[in-house]
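Taking it in order: structure first as structure tokens, then the write-up.
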Amino acid sequence: MCQTCGCDERESSVNGDLKQINVGQEILHKNTQLAQQNRAYFKSKGVLVLNILSSPGSGKTALIERMLQCSQFRIGAIVGDLETDNDAKRLRSHGVPAVQITTGNICHLEAGMIARASKQLKLDALDLLIIENVGNLVCPAAYDLGEDLRIVLLSVTEGEDKPLKYPTLFKTAQVAIVNKIDLAQAVEFDREQAIANIERIAPQAMIFAVSAKTGQGMEDWDTYLEQKYRGIGNASFQVKRSSL
């Protein structure tokens with residue numbers, strides 16, 4: 001996918017001569033192998049891993065912050081941005097272990113980055129590991145990070161037709177969350193049309209409508225995560241938490 005923006009076009013210098021080669025397919029193959037290793041590692045730790053993708057400003061960090069208030073899960077985070085560690089600092093201010101990945105000019109996270117970052121977290125002490133991907137609706141779609149759930153976040157301020165404009169990302173997601181529904185009326189957001197567009201592009205996706213600001217809809221989202229958490233082999237949510 002990143003042939004779209006050229007971020008997989010790497011330069012190679014051989015005997016002082018600079019030439020450009022396309023190594024996109026090789027990178028994706030290696031990424032898939034590393035993602036499988038990540039998935040096996042996370043499963044061995046009993047951690048449910050979420051990969052949240054969206055455009056910049058849709059509310060990924062705010063959603064995680066609201067989850068910290070509403071959920072009983074022990075949560076850790078890996079945050080990807082081109083520059084700054086502002087979002088990781090926001091999460092750490094809530095007492096959450098958060099590792100920042102600064103990607104420079106790379107518009108997505110890769111499985112190798114997640115492998116290295118996860119080693120900085122005490123996964124045995126976590127129930128959920130949330131990966132906040134780089135804000136981008138194109139490039140991250142091609143990169144499996146080893147997550148259990150891929151979640152695409154759409155805010156009402158972006159319009160109802162984002163699923164139609166960026167179908168690849170929505171097609172690869174197990175969950176679609178419509179955020180900022182407290183602003184829906186103010187921006188004349190057509191909720192029914194948005195849901196219809198998501199269902200047309202991503203019929204496999206579970207859809208939730210929430211407000212990370214007010215907490216509306218978060219209970220249903222948390223209940224869904226508990227079901228998924230048990231689904232990865234943690235039969236009793238209470239037993240694991242009682243070991244704290």
Side-chain angles (χ1 to χ4, degrees), residues 1-10 22-25 27-32 34-35 38 49-65 67 77-91 98-118 129-180 194 197-198 201-202 204-205 207-208 210 212:
M1 178 60 68
C2 271
Q3 295 91 330
T4 302
C5 71
C7 66
D8 277 350
E9 300 287 339
R10 311 294 171 91
N22 187 342
V23 294
Q25 293 302 318
I27 289 174
L28 285 177
H29 177 67
K30 182 179 180 181
N31 182 82
T32 299
L34 290 173
N38 286 349
V49 181
L50 316 182
N51 180 12
I52 303 180
L53 308 99
S54 77
S55 56
S58 60
K60 294 187 295 296
T61 308
L63 176 69
I64 298 171
E65 289 179 312
M67 290 173 65
I78 296 174
V79 181
D81 279 304
L82 298 184
E83 297 291 347
T84 83
D85 61 348
N86 292 346
D87 290 345
K89 287 179 178 175
R90 278 176 61 180
L91 297 177
V99 177
Q100 179 73 45
I101 299 176
T102 304
T103 62
N105 62 353
I106 298 178
C107 54
H108 58 270
L109 295 178
E110 298 179 6
M113 299 174 183
I114 299 303
R116 292 189 290 275
S118 64
L129 173 60
I130 302 177
I131 301 169
E132 182 182 337
N133 215 310
V134 176
N136 188 316
L137 284 173
V138 181
C139 305
Y143 288 83
D144 181 2
L145 303 181
E147 70 268 22
D148 296 297
L149 290 175
R150 177 173 291 197
I151 299 152
V152 59
L153 192 65
L154 167 69
S155 69
V156 301
T157 55
E158 298 175 74
E160 303 85 2
D161 59 352
K162 273 290 172 62
L164 306 181
K165 291 179 176 178
Y166 300 91
T168 301
L169 184 58
F170 283 83
K171 287 178 180 178
T172 62
Q174 288 85 37
V175 176
I177 297 179
V178 180
N179 188 29
K180 303 184 184 180
N197 289 339
I198 294 171
I201 298 299
Q204 80 288 348
I207 302 173
F208 296 89
V210 308

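It should be emphasised that the depicted structure is a prediction, and the values quoted were computed from it without experimental measurement.
In terms of heavy-atom proximity, A142 sits nearest to L28 at O-CD2, 3.6 Å. The two atoms that bring M67 and I130 nearest to each other are CE-CD1, 3.7 Å, heavy atoms only. Among all heavy-atom pairs drawn from C139 and C107, the shortest one is SG-SG, 2.7 Å. Taking both residues in full, the closest heavy atoms of S58 and K180 are given as O-CE, 3.5 Å, listed atom of the first, atom of the second, then distance. The two residues A205 and A173 make their nearest non-hydrogen contact at CB-O, 3.9 Å. The two atoms that bring A35 and A111 nearest to each other are N-CB, 3.6 Å, heavy atoms only.
Not counting sequence neighbours, S118 has no partner by the side chain to side chain donor-acceptor pair (under 3.5 Å) test. K89 is linked by a salt bridge (Lys or Arg N to Asp or Glu O under 4.0 Å) to D85, counting only residues two or more places apart in sequence or in another chain. Taking E147 as the reference, R150 meet the salt bridge (Lys or Arg N to Asp or Glu O under 4.0 Å) condition, with sequence neighbours excluded. A search for side chain to side chain contact (heavy atoms under 4.5 Å, CB included) contacts involving T103 returns L82, I101, I106, L109, M113, V134, not counting sequence neighbours. In this view, Y166 satisfies the ring pair (Phe, Tyr, Trp, His ring centres under 6.0 Å) rule with no residue, not counting sequence neighbours. For E160, the side chain to side chain donor-acceptor pair (under 3.5 Å) criterion is met by no residue, not counting sequence neighbours. In this view, N38 satisfies the side chain to side chain donor-acceptor pair (under 3.5 Å) rule with no residue, not counting sequence neighbours. Applying the side chain to side chain contact (heavy atoms under 4.5 Å, CB included) criterion to I201, with sequence neighbours excluded, gives P163, L164, P167, F170, K171. Checked against side chain to side chain donor-acceptor pair (under 3.5 Å), K60 has the following partners two or more places apart in sequence or in another chain: S54. In this view, K162 and E158 satisfy the salt bridge (Lys or Arg N to Asp or Glu O under 4.0 Å) rule, not counting sequence neighbours. In this structure, D81 has no salt bridge (Lys or Arg N to Asp or Glu O under 4.0 Å) partners at least two apart in sequence or on a different chain.
A distance-only check finds no donor-acceptor pair linking the side chain of N179 to the backbone of S155 [under 3.5 Å]. Q174 contributes no side-chain N or O that, together with a main-chain N or O of Q204, makes up a donor-acceptor pair within less than 3.5 Å.
Side-chain contact between I114 and N51: absent, with no pair of heavy atoms (C-beta onward) separated by less than 4.5 Å. When side chains are defined from C-beta on, Y143 does not count as touching T32, because their heavy atoms never get closer than 4.5 Å. The side-chain heavy atoms of T168 and V138, taken from C-beta on, include no pair separated by under 4.5 Å.
Applying the side chain to side chain contact (heavy atoms under 4.5 Å, CB included) test between L153 and each of L63, L137, V175, N133 identifies L63 as the sole match.
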>> side-chain contact (heavy atoms from CB on, under 4.5 Å), that's the test. Do N136 and H108 meet it? Break it down for me.
In response: CA-CA 7 Å; N136 188 316; H108 58 270; over 6 Å; no

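Within the model, atoms CD1 of I52 and CG of L149 stand 10.0 Å from one another, a figure rounded to the nearest 0.5 Å. Rounding to the nearest 0.5 Å gives a distance of 5.5 Å between CD1 of I78 and CD1 of I131. Once rounded to the nearest 0.5 Å, the distance linking CD1 of I177 with CD1 of I207 reads 11.0 Å. Considering CG of D144 and CD of E110, their distance stands at 12.0 Å, rounded to 0.5 Å. Taking CG from D161 and CG from L154, the interatomic distance works out to 9.5 Å, rounded to the nearest 0.5 Å.
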